[in-house]
2 protein chains.
Amino acid sequence: MTTYKRMVLASRPQGHVVPENFRLEEVPVPDLKDGELLVRNHYLSLDPYMRMRMEDVKSYAAPQAIGETMIGGTVGEVVASKNPKFAVGDKVQGMFGWSEMGVSDGSLLRRLDTTHIPLSAYLGSVGMPGMTAWYGLTQIIQPKEGETIVVSAASGAVGSVVGQLAKLRGCRAVGIAGGKEKCDYVVNELGFDACIDYKAGNLKEELAKATPNGIDGVFENVGGEIFDACLERMNPFGRIALCGMIAGYDGDPSPIRNARFFLTMRLSMRGFIVSEHMDLWPQGLKELGTLVATGKLKFRESVAQGLEAAPEAFIGMLKGRNFGKQLVKLI
Amino acid sequence: MTTYKRMVLASRPQGHVVPENFRLEEVPVPDLKDGELLVRNHYLSLDPYMRMRMEDVKSYAAPQAIGETMIGGTVGEVVASKNPKFAVGDKVQGMFGWSEMGVSDGSLLRRLDTTHIPLSAYLGSVGMPGMTAWYGLTQIIQPKEGETIVVSAASGAVGSVVGQLAKLRGCRAVGIAGGKEKCDYVVNELGFDACIDYKAGNLKEELAKATPNGIDGVFENVGGEIFDACLERMNPFGRIALCGMIAGYDGDPSPIRNARFFLTMRLSMRGFIVSEHMDLWPQGLKELGTLVATGKLKFRESVAQGLEAAPEAFIGMLKGRNFGKQLVKLI
């Protein structure tokens, strides 16, 4: 291979993301300098946070630059190395973005052991999404046995882990997802106590039925009316880990209408970015890796084929069309 | 006196509170049983939380019952006693409500020393409002020297204390209040670094000017668009003590429109009720009492005359017409 493909941001979205916001480019494979290595990416991770980076707004990270490779986490294999710490054939996780290949000096790469954990899981349950779930649940919600924990986007990469970890801690886990198929999966495969189909049209009533003792913790991935429905059910001193507001990512504002419950129920809420808490990753990944390797933490993937399919897969994910962790298979 | 007057809740407000929601009654002074004492109330405290109690909704306290004396804090003097712990002439603080008199077994009364602190201050800076400010600032916002703290309703009983305590801790204190007169008072008398008149019509621009280094802590008394304007200026890891949402008390919902900043700036917010943290009152009241007695903590009062004036004073307070702590003088 003398060239490889990458997907760059062609323009910022005006409201909804459209395929024209992206542009596929073919670029030459660079020569390696001493200390560098070349990675062929096997999987690209698509995640909701990317939507916010596409905007030119004040946020926790600089906006994605126009004309540059879309950011993103990847797993792949070292195909050439002038770095003594990495050998050809090593499996590695990196942040090479929406790209078939990437060059690194090795400093931000993590070598992966795929003996018991499949490569793609390092982009999901044993990667950033899994750690996001672990951090928000264990560090912010701090669930106690017998409490009720609700998580939105429950069949997704983060939500599925939140509920399963809550169950392992003796909690009642209630998911919210879109559609009967996803809800059946959340209850029957992942072992949640209940899952509410927000598309079925009676979210508030179903949530009340599924949380007879109220809600003690919310892991919020979505925002908007789903979050408002949860706020109405909160018990005093409830905790909210705010991880995402997909409802607000795609151009629509997502106000919190039931703000009064923060006061009346003395709720606490904290937004977080898991990459700012790297000190806890070894602890979290150890738990998550062990659970995946022993089959106690289940996950599901939606896999798009080829870099060309990434924009549509990303747009679909923002609309909730994926089922489980959204990946793009590059090889 | 063989009778005294009290104000009862006649009906629940439909939207805005109106005078007809209250009814003045004249009732006989009861005979004291052993262990009881009779208090003549000198001042009644009017506070925003009362608005929420008038509604029949799920909250941290049971709703105010129709036909019962409106709840509220009072300070007054013991005028008869069959309780060995209290003598006629003792100054006491109680929760006798909107009433000229009250009978107690002494269990929830606090004896007051008015040598250096005026009686009415025990309903303000050295009472519940002062403790609310103290708790939210020191326990939730936890300001560090050099940080910028913003407080809404800055000329009020709570807000005025928040800013003065923040200044004493080496912070930049920025108030938000309604009207030039209140803002001048907040800066010139209370010593805030700046105060923004939200009625002047360019809240966002003025707030940006007054907080050149962003906002690290918000003590929120109001909610609505004022809170949204603050959210836009928050620095990473900002803290929000949510004390009140007057904007939402009087029937109007007050959504949080800038919810995305909780995520992008990793903010934390906690609603609180100061009466649930009685363990900290001795510590807080000691600081507040010393500051008032030594003239380092200033305050201002709006005093309505007579129980008959209480409904209009309360309605005025909800609309921001008071200036400083709203009291009703009963004697």
Side-chain angles (χ1 to χ4, degrees), chain A residues 48-49 51-53 55 57-61 63 135-136 140 214 220-225 227-228 231-249 251-277, chain B residues 48-49 51-53 55 57-61 63 135-136 140 214 220-225 227-228 231-249 251-277:
Chain A
Y49 75 85
R51 175 63 184 86
M52 201 179 280
R53 296 281 187 93
E55 303 265 348
V57 295
K58 184 183 174 189
S59 184
Y60 53 87
Y135 182 87
I140 297 179
E220 187 52 49
N221 285 310
V222 174
E225 67 175 323
F227 185 39
D228 274 324
L231 284 174
E232 280 190 39
R233 298 285 306 158
M234 293 299 285
N235 289 327
F237 309 109
R239 292 86 61 198
I240 297 153
L242 189 62
C243 169
M245 292 191 289
I246 296 178
Y249 283 150
D252 303 307
S254 57
I256 301 172
R257 296 195 185 280
N258 279 329
R260 68 185 297 161
F261 291 98
F262 282 95
L263 188 58
T264 57
M265 291 293 122
R266 293 85 88 209
L267 308 180
S268 58
M269 174 166 80
R270 179 150 75 88
F272 72 103
I273 306 295
V274 73
S275 56
E276 290 178 331
H277 306 281
Chain B
Y49 76 86
R51 175 63 185 85
M52 201 180 281
R53 296 280 187 93
E55 303 265 348
V57 295
K58 183 182 174 189
S59 186
Y60 54 87
Y135 182 88
I140 297 179
E220 187 52 50
N221 285 311
V222 175
E225 64 176 326
F227 185 39
D228 274 324
L231 284 175
E232 281 190 38
R233 298 285 307 158
M234 294 298 285
N235 290 326
F237 309 109
R239 291 85 62 197
I240 297 152
L242 189 62
C243 169
M245 291 190 289
I246 297 178
Y249 282 151
D252 304 308
S254 58
I256 301 172
R257 297 195 185 279
N258 279 328
R260 67 184 299 162
F261 291 98
F262 281 96
L263 188 58
T264 58
M265 290 294 121
R266 293 84 89 206
L267 308 179
S268 57
M269 174 165 82
R270 179 149 75 88
F272 72 103
I273 306 296
V274 72
S275 56
E276 290 178 332
H277 306 280

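Every chain is numbered from 1, with letters handed out A, B, ... down the list of sequences. Quick caveat, the model's predicted, so the values are computed rather than measured.
Here the side chains of B:Arg266 and A:Glu276 are in contact, with some heavy-atom distance below 4.5 Å. Counting heavy atoms from C-beta outward, B:Leu263 and A:Met52 have side chains that approach closer than 4.5 Å. Side-chain contact between B:Arg257 and A:Arg257 is present, with at least one heavy-atom pair separated by less than 4.5 Å.
Residue contact with chain A, scored on non-hydrogen atoms closer than 4.5 Å, involves the backbone and the side chain of B:Phe262 alike. No part of B:Phe227 comes within reach of chain A, as not one of its non-hydrogen atoms sits under 4.5 angstrom from that chain.
Atom OG1 of residue B:Thr264 and atom CD of residue A:Glu55 lie 11.5 Å apart, to the nearest 0.5 angstrom.
Counting heavy-atom pairs under 4.5 Å between each of A:Leu267, A:Ile240, A:Leu242 and chain B puts A:Leu267 at the top.
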